[in-house]
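As structure tokens, the structure follows; a few thoughts come after it.
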Amino acid sequence: MPQCQEPVELFSADKLHARVRELAVEINADYAPESSLHLAAVLKGGFVFLVDLMRALARPATIDFVAMKSYGSETCSQYIPRMVKDLEEEITGRDVLVVEDIVDTGQTLSRLLEKLSERNPRSLRTVALLNKPSRRLVSLELDYVGFTIDNQFVVGYGLDYAERYRHLPYIGLLEPLPQTE
Ligand code: PRP
């Protein structure tokens, strides 16, 4: 069995909720009251953030899910992510806000935005709970960011290491990375 290392807390549950509420206020202010927001969460990691953000927004919003898979080599961090689960709903003419847990190299979000913009949404913006700009390999403008972090391996609040730790209510650091057997 793989060992289960205890992460070191980086952002407490209270701090995350407070920041999500601030992001919701910012987002609300940017969209006209009559516009109907469509939240597109990127699986799997984005699901916890989506739930809290949706409940913090003071407006009705529809939701949908998309999943991207990265295929790369062990030695090369460049890859072309592929969509393995598409949105269920049409987004043409809609105000779409893509909800990501973390932006690292930026390749996932960049590819996703490319594909979604081809469908001619009325607007297409992004909200990422965590941003790691030091790892960026592609140019990407994020509309809303929760926290900017260093090149650290983070888990919890939806984020995993080998599918573990997603359930944690806080975001923690794994240092050093646990051994998997
Ligand atoms: C994570 C995260 C982003 C992506 C960011 O997903 O949720 O979608 O990586 O990486 P990038 O900016 O370098 O492209 P991951 O592939 O770990 O899948 P998961 O959310 O299902 O765990």
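Atom set for the values below is all heavy atoms of this structure, side chains included, hydrogens, waters and symmetry mates excluded. Every number for a ligand or one of its atoms is a count from 1 in the order of the listing. One is the number of the first residue; the rest follow in order along the sequence.
Between Leu16 and Phe11, the closest side-chain pair of non-hydrogen atoms falls below 4.5 Å.
In this structure, Leu109 belongs to a hydrophobic cluster whose other members, linked by side-chain heavy atoms under 4.5 Å apart, are Val42, Val66, Met68, Met83, Leu87, Ile91, Val96, Val98, Val103, Leu112, Leu113, Leu116, Leu124, Leu140, Leu142, Val145.
A salt bridge does not link Lys115 with Glu118: none of the charged nitrogens is closer than 4.0 Å to a carboxylate oxygen. Taking a cutoff of 4.0 Å between a charged side-chain nitrogen and a carboxylate oxygen, Asp14 and Arg19 do not qualify as a salt bridge.
The closest side-chain donor-acceptor pair between Asn151 and Ser134, if any, does not fall under 3.5 angstrom.
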Present, as a list of atom pairs with distances to 0.1 Å, all nitrogen or oxygen contacts under 3.5 Å between ligand 1 and the protein.
from	atom 1	to	atom 2	distance (Å)
ligand 1	7 (O)	Glu100	OE1	3.4
ligand 1	7 (O)	Asp101	OD1	2.6
ligand 1	7 (O)	Asp101	OD2	3.2
ligand 1	8 (O)	Glu100	OE1	3.2
ligand 1	8 (O)	Glu100	OE2	2.7
ligand 1	12 (O)	Asp104	N	2.9
ligand 1	12 (O)	Thr105	N	3.1
ligand 1	12 (O)	Gly106	N	2.7
ligand 1	13 (O)	Tyr79	OH	2.9
ligand 1	13 (O)	Thr105	N	2.9
ligand 1	13 (O)	Thr105	OG1	2.6
ligand 1	14 (O)	Tyr79	OH	2.9
ligand 1	14 (O)	Thr108	N	2.9
ligand 1	14 (O)	Thr108	OG1	2.5
ligand 1	20 (O)	Lys44	N	3.2
ligand 1	20 (O)	Gly45	N	2.9
ligand 1	21 (O)	Lys44	N	2.9
ligand 1	22 (O)	Asp160	OD1	3.0
ligand 1	22 (O)	Arg166	NH1	3.2
ligand 1	22 (O)	Arg166	NH2	3.0

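Within the 6.0 Å centre-distance limit, the rings of Phe153 and Tyr161 are counted as a close aromatic pair.
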